[in-house]
There are 2 protein chains.
Amino acid sequence: MSQSIRRAVDLIRRAAEYPLSLTEAAEVLGVHKSTALRILQTLESARFVRRTGAGTYVLGSGIIELSELALGAMDLRQFAAAPLRALQRETGHTVHLAQLTGDEIIYIDKVDSSAFDAVKLPSRVGRAVSIYASAVGKVILAYLPTAERDRLLSHVVFERFTDTTYADRESLDAELDHIREQGWAVDNGEHDAYVMCVAAPIRDSRGRVIAAASMTAIEVIASLDELKSSLPLLLDTANQISRELGHTADKG
Amino acid sequence: MSQSIRRAVDLIRRAAEYPLSLTEAAEVLGVHKSTALRILQTLESARFVRRTGAGTYVLGSGIIELSELALGAMDLRQFAAAPLRALQRETGHTVHLAQLTGDEIIYIDKVDSSAFDAVKLPSRVGRAVSIYASAVGKVILAYLPTAERDRLLSHVVFERFTDTTYADRESLDAELDHIREQGWAVDNGEHDAYVMCVAAPIRDSRGRVIAAASMTAIEVIASLDELKSSLPLLLDTANQISRELGHTADKG
DNA sequence: CGCTGCATTGCGTATGATGCAACGGTTGGC
DNA sequence: GCCAACCGTTGCATCATACGCAATGCAGCG
């Protein structure tokens, strides 16, 4: 694989964390300063990094623009931002917005818990989440057309993360039936034993489920039952977002 | 400058716009398929692009994570998101959040006007904005410690964009005095003749101004006077965000 | 004024990126 | 059910390109 591109990626990552001088950059890569300079100049011309007045390099706007381009492809994120924040405020739980893009479920927004962050959730905007071992994954899966669902799951190699994981197609299918019946999904520590979620589907103007909103809690802080007690608010929020996307509230 | 890195950047940009097959990628760059493959594999290992089930390449989560890292470095964005959206909803104007990072003022959030977008504002999250010819820039500048302000302005080459631009240090300093007196700043078409803004400072827990919120309008839609009529809401919003950041409301 | 630490430039060289050609896997058509 | 066409992948020889070196420029500081 391409050496210089690897090096470029390394520098971008470093620059995102901390302003990087040329000399530091060269040290980090273990190359001559002139080499580091050429890489950084190339990245700068793409606005992937930017020079500060102090001569150090930091992450540039090019990266952020690309990210906005990818995340903002739909208006979903804009429409969802306010309702999700209201939900977080009312319930106190960490709130996620996840979307099916390609073959993956990606977090496209996250509102942190107002609690004192005793435990930081490892989730991150942009990161893929298990399609069969998460509440958002399952709820999206549940409402997908059969052909699409089969296509997605055909590539999946099931893995048993915890005791509660639905680790084979048969038990997962039963769970998905159940989710369709009740209209929302639970993650009872199916990926990480101590992480509990509830998720509700979000529909576009054609009534197709394209995303999901979820509330997450560490077991210690809020048990699954506590999460469920906020369920009406979650469902309201998801429906409200669906409406803003143009979904007219007939059954999907 | 590094050829392969340039090529990699090209492919990332393309992949962000549209899923790219290997053959397409090779054609775009004008190189052999094997070359394109190696570049894409390298990018994939960095999660800068990702393969879809169909075998095409699209933008990966690595880019998005970097962007979030840069934007979310402070909790500012999280805390500000809801109040800014409320402000947009109440006033109808486009709302911006800008932050001083390094030597530049960067937009870190934007809430589009609910108007039918007759005119699209060219602003973008991640993009730098003039430090002396914008309301957010001036309001941040106004409240900066003198030494810091001098440092920032020492590198600046003033340029007169429009008739109203404060294009020299003396007139700018007078304007900054005025801003400190009244507690907010105006951009009376100082960068683009038809773009009007008002901006208010946001303070962190130590009372230091680290960011600014602004409302923008195209002159045709809302004159500066109309913007000013919404000023109390803007100031409330900025103060609310400051409070969420831990600012206790004594004079800064 | 000279020293130190930094970024930058020119250049010859070797390493690593490249193109080629052969292989393998999948799709679709006859 | 076979063949053909297409796409992605791999191994390898070649040479272009990214590299290190050393010299230069430039600022800050004692």
Side-chain angles (χ1 to χ4, degrees), chain A residues 1-15 18-60 102-103 147-148 150-157, chain B residues 1-12 14-15 18-60 102-104 147-148 150-157:
Chain A
M1 300 212 230
S2 178
Q3 184 185 59
S4 54
I5 297 176
R6 271 184 184 285
R7 288 174 171 169
V9 168
D10 270 11
L11 287 189
I12 293 172
R13 291 236 159 88
R14 296 282 186 152
Y18 199 76
L20 210 59
S21 76
L22 176 61
T23 308
E24 285 170 329
E27 279 172 10
V28 160
L29 294 183
V31 299
H32 198 268
K33 286 187 296 183
S34 58
T35 303
L37 178 66
R38 275 183 293 258
I39 295 173
L40 286 169
Q41 281 176 337
T42 308
L43 291 176
E44 191 186 4
S45 77
R47 297 208 324 284
F48 275 26
V49 301
R50 134 185 95 82
R51 299 204 64 169
T52 66
T56 57
Y57 292 87
V58 297
L59 198 70
D103 291 359
E148 181 73 357
D150 286 345
R151 190 182 68 76
L152 286 184
L153 288 177
S154 65
H155 300 298
V156 166
V157 277
Chain B
M1 301 212 229
S2 178
Q3 184 185 58
S4 52
I5 297 177
R6 271 186 184 284
R7 288 173 172 170
V9 169
D10 269 11
L11 287 189
I12 293 172
R14 297 284 186 149
Y18 200 76
L20 211 59
S21 74
L22 176 62
T23 309
E24 284 171 329
E27 280 172 9
V28 160
L29 295 182
V31 299
H32 197 270
K33 286 186 298 181
S34 59
T35 302
L37 177 66
R38 275 183 292 259
I39 295 174
L40 286 169
Q41 282 175 338
T42 308
L43 291 175
E44 192 187 2
S45 76
R47 298 209 321 285
F48 276 25
V49 300
R50 135 183 95 81
R51 300 203 63 168
T52 66
T56 57
Y57 293 87
V58 298
L59 198 71
D103 291 0
E104 293 179 317
E148 179 74 358
D150 287 344
R151 189 182 68 76
L152 286 184
L153 288 176
S154 65
H155 300 296
V156 166
V157 279

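Every chain is numbered from 1 and lettered A, B, ... according to where its sequence line falls, protein lines coming before strand lines.
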A/I39 has an atom CD1; how far is it from atom P of C/dG16, in whole Å?
12 Å
Can you check whether B/R7 has a side-chain N or O nearer than 4.0 Å to OP1 or OP2 of C/dA17?
no
Spacing between A/L40 atom CG and C/dC6 atom P, to the nearest angstrom
15 Å
Does A/T23 place a side-chain N or O at less than 4.0 Å from the phosphate oxygens OP1/OP2 of C/dA7?
yes
Return no unless some side-chain N or O of A/R51 is found under 4.0 Å from OP1 or OP2 of C/dT8.
yes
Modelled atom types, side-chain donor and acceptor of B/S2 and A/T42, under 3.5 Å
no
Counting only heavy atoms not in B/R50, do more than 12 sit closer than 6.0 Å to its CZ atom?
yes
Per nearest nucleotide of DNA chain D, the residue lying toward the 5' end, B/R38 or B/E24, is B/E24
Of A/L22 and B/V31, the one whose nearest nucleotide on DNA chain C sits closer to the 5' end is A/L22
Heavy-atom side-chain contact between B/I39 and B/L29 under 4.5 Å:
yes
Report yes if a side-chain nitrogen or oxygen of B/Q3 is closer than 4.0 Å to either non-bridging phosphate oxygen (OP1 or OP2) of D/dA18; otherwise report no.
yes
Roughly how many Å is it from NZ in A/K33 to C1' in D/dG25, rounded to a whole number?
12 Å
At 4.0 Å (heavy atoms only), tell me whether A/R6 reaches a base, stays on the sugar-phosphate, or touches nothing.
nothing
Measure CD/B/E27 against P/D/dG8 and give the value in whole Å, please.
10 Å
In whole Å, what is the span from the CG atom of A/L11 to the C1' atom of D/dA18?
14 Å
Along DNA chain C (nearest heavy atom to each residue), the more 5'-positioned of A/L37 and A/I5:
A/L37
So does A/S4 reach the base of D/dC19 with its side chain, donor to acceptor, closer than 3.5 Å?
no
Using a cut-off of 4.0 Å on non-hydrogen atoms, how would the nucleic acid contact of A/S34 be classed: base, sugar-phosphate, or nothing?
base
Could you go step by step and tell me if A/S45 and B/R6 meet the side-chain contact (heavy atoms from CB on, under 4.5 Å) rule?
CA-CA 9 Å; A/S45 77; B/R6 271 186 184 284; 4.2 Å; yes
Report the distance from atom CD of A/Q41 to atom C1' of D/dC19, rounded to the nearest whole Å.
14 Å
Of the listed C/dG19, D/dC19, D/dA18, the closest approach to the B/H32 side chain comes from C/dG19
For residues A/F48 and B/I12, determine if any side-chain heavy atom of one lies less than 4.5 Å from a side-chain heavy atom of the other.
yes
